[in-house]
Colleague: 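Handing you this structure, nothing more for now.
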Amino acid sequence: MGRIVLESVTKKFGNTEVIPPLDLTIEEGEFVVFVGPSGCGKSTLLRLIAGLEDVSSGVIKIDDNDATDLAPAKRGLAMVFQSYALYPHMSVRKNITFPLRMAGLSKAEQDERVTKAAEVLNLSDYLDRRPGQLSGGQRQRVAIGRAIVREPSAFLFDEPLSNLDAALRVGMRLEISELHKRLETTMIYVTHDQVEAMTMADKIVVLRAGNIEQVGSPLELYHSPRNTFVAGFIGSPKMNLIDGEEAAKYGAHTIGIRPEHISVSGSEGPWSGKVVVSEHLGSDTFFHIHGTGLADTITVRVDGEVNFKYGDRVYLTPRDDVIHKFDAEGLRIG
Amino acid sequence: MATQHSRSVARFMLAPAVILLLGWMLVPLTATLIFSFKKYLPLRGGDLGWVGFDNYVRFVSSSAFWPSVMATLTIIGSVLVITIILGIVLALLLDQPMWGQGIVRILVIAPFFVMPTVSALVWKNMFMDPINGILAHLWKFFGAAPVEWLTQASMQSIVMIVSWQWLPFATLILLTSVQSLDREQLEAAEMDGAPWISRFWHLILPHLARAITIVLLIQTIFLLSVFAEIFVTTGGAFGTKTLTYLIFQRVLESQNIGLGSAGGVYAIILANIVAIFLMRAVGKNLDS
Ligand SMILES: Nc1ncnc2c1ncn2[C@@H]1O[C@H](COP(=O)(O)OP(=O)(O)OP(=O)(O)O)[C@@H](O)[C@H]1O
Ligand SMILES: [Mg+2]
């Protein structure tokens, strides 16, 4: 259960086409992440799948049934909103049982499912509180609890962690991944945090202006981005994209080299420039280098502590075997 | 930002307004209190000296007192029920995206800007007149005998007029509250399989609770002093004599200022009891 297929789905708001014809298949049990810059239509796409927006044309199939005109409640999907969308006047228990009450489940069945969900999500001590009396992380868990008790065929998450602080986000990320392993239910997850995308996804869908730029596993996207947009979007820090003469040497219009694939030395290397910023993370160090004549800034990532200061002249050596080549349209060559 | 200095400047600047307001309230209040302990008949001997609590006892023991309390409560209760129910309906309708929203909203608010006397006159002469009123024509159109609204259904007529005046206020407050409801909550409920009526009952109504309490509080206090609508239409006849109207009659028609003032003090006490109750309710609402 939980196979979702979109066939030439489009969405227009008035005259602006937010989603041009789009095809996508989400397999049963997959963890799919939608990433893309702000305003590219990630939320819209998720809401189309949820049924909260009507498609302008095209077909949405859930488990091989046409769900295009089905009401949201009838699609068997559960959604976790960015704002959590908890019901403020109800206790946590009431919040979680709300979908069950609406489905007319017996009291005993409701209690059983709440108890189970509360155990899984560490909410047992908070069941009688109101959402207003919970921390951000706890609220997020309640929202997830409300979704899992319904035993949906797929979960939809719209940037569920973006309101949490960094430490909590890492924790919740793991919890959601674990939940996915345990439930083996399809999950569609929207984010613009690419660390979330890389770490959680079975399959990443990169969107730009409603178009799918590439679909693939995180490592596929990392190792062979289909075009310069995906190349620049996946990976942190961003891949260096170099045009012109240097690229021509490799027989390409543009070449891309990831910061971790360039080595730095104080004495020798084919490229050289001046350090303008060095960021020391302890585990590794990022250098931003100007004046190479290749691109405005070249970013380099080296393991551990390497000491170059502002203004130091450094020499760079790219690893030739991992250089990405793109043609004039920005598409990958080879 | 409020330093000691700026705070004292602020107090100084506020003083004239506060003093004016206090004077505005305190002078009539004190006058009423003083008169209520006097036998004061302007046309029959003037100030006839102090009489203690005589006026207070006479006011409540008069046969008109309890009926007037009942009439007041009936008007307040019915108007509150009507304005809140219709206000919620209108607020929900006005919240829907529609063509000409701005104009429709202004039209809905318009009755609030009509003076009570004027609106009562309009209702009396243009709607409820048994010969020329629009309602009479409507009744005749359907072959029914026109209703003599103000004599046959006087209480209902007054409730109708006052509700018409206060509906915009209730709608406006409730509309702002409806608009502040988080859309994602409604969408979440929709996905949870809640039909419209459950969404209304479990989400919208609890969200509106505070606004409803505020409407209750403010309207009750203003409705206690409804006067022009009664004066213009029934003149207090046919069981529409409210407490306020009774006081008016005591002072102006029977020219007994002492007795009227005692009634006035009762009215002040009543209004304050209501206010305290409702403040508590609002406070409780704000806590949760
Ligand atoms: N109800 C609407 N009416 C008109 N335009 C809309 C509506 N909802 C979204 N849009 C437009 O559709 C585009 C995609 O919006 P969407 O919310 O899907 O972006 P997103 O990828 O989720 O962005 P973010 O990462 O900032 O959440 C935006 O340009 C937005 O302005
Ligand atoms: Mg979004």
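Lettering of chains follows the sequences in order, A, B, ..., and the numbering in each one begins at 1. This is a predicted model, so every value here is computed, not measured. In what follows, every heavy atom counts, from backbone to side chain, and hydrogens, waters and symmetry copies are set aside.
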Colleague: Pairs of donor and acceptor atoms involving the side chains of residues 81-90 of chain B, under 3.5 Å and at least two apart or interchain, shall be tabulated with distances.
Modeller:
| from | atom 1 | to | atom 2 | distance (Å) |
| --- | --- | --- | --- | --- |
| B/Thr83 | OG1 | B/Val79 | O | 2.7 |
| B/Thr83 | OG1 | B/Leu80 | O | 3.2 |
| B/Thr83 | OG1 | B/Gln219 | OE1 | 3.1 |

Colleague: Could you tell me which portion of A/Ala50 (side chain, backbone, both or neither) has an atom closer than 4.5 angstrom to a non-hydrogen atom of chain B?
Modeller: both
Colleague: With only heavy atoms counted, which part of A/Leu100 is less than 4.5 Å from chain B, the side chain, the backbone, both or neither?
Modeller: neither
Colleague: Counting only heavy atoms not in A/Asp69, do more than 12 sit closer than 6.0 Å to its CG atom?
Modeller: no
Colleague: In terms of side-chain geometry, is the basic nitrogen of A/Glu175 or A/Arg141 positioned less than 4.0 Å from the acidic oxygen of its partner?
Modeller: yes
Colleague: So A/Phe157 and A/Tyr189, would you call those rings parallel, tilted or perpendicular, with 30° and 60° as cut-offs?
Modeller: tilted
Colleague: Can you tell if the side chain of A/Tyr84 reaches within under 4.5 Å of the side chain of A/Pro131, non-hydrogen atoms only?
Modeller: no
Colleague: Could you please state which residues from residues 167-205 of chain B sit under 4.5 angstrom from chain A, measuring non-hydrogen atom to non-hydrogen atom, sorted by number, or 'none'?
Modeller: B/Asp182, B/Glu184, B/Gln185, B/Glu187, B/Ala188, B/Ala189, B/Glu190, B/Met191, B/Asp192, B/Gly193, B/Ala194, B/Pro195, B/Ser198, B/His202, B/Leu203
Colleague: Where does A/Arg47 contact chain B at under 4.5 Å (heavy atoms): side chain, backbone, both or neither?
Modeller: side chain
Colleague: Ring of A/Phe13, cation from A/Lys11 - is the NZ or CZ under 6.0 Å from the centre and inside 45° of the axis?
Modeller: yes
Colleague: In terms of heavy-atom contacts, does CE of B/Met98 have more than 12 from other residues, nucleotides or ligands at under 6.0 Å?
Modeller: yes
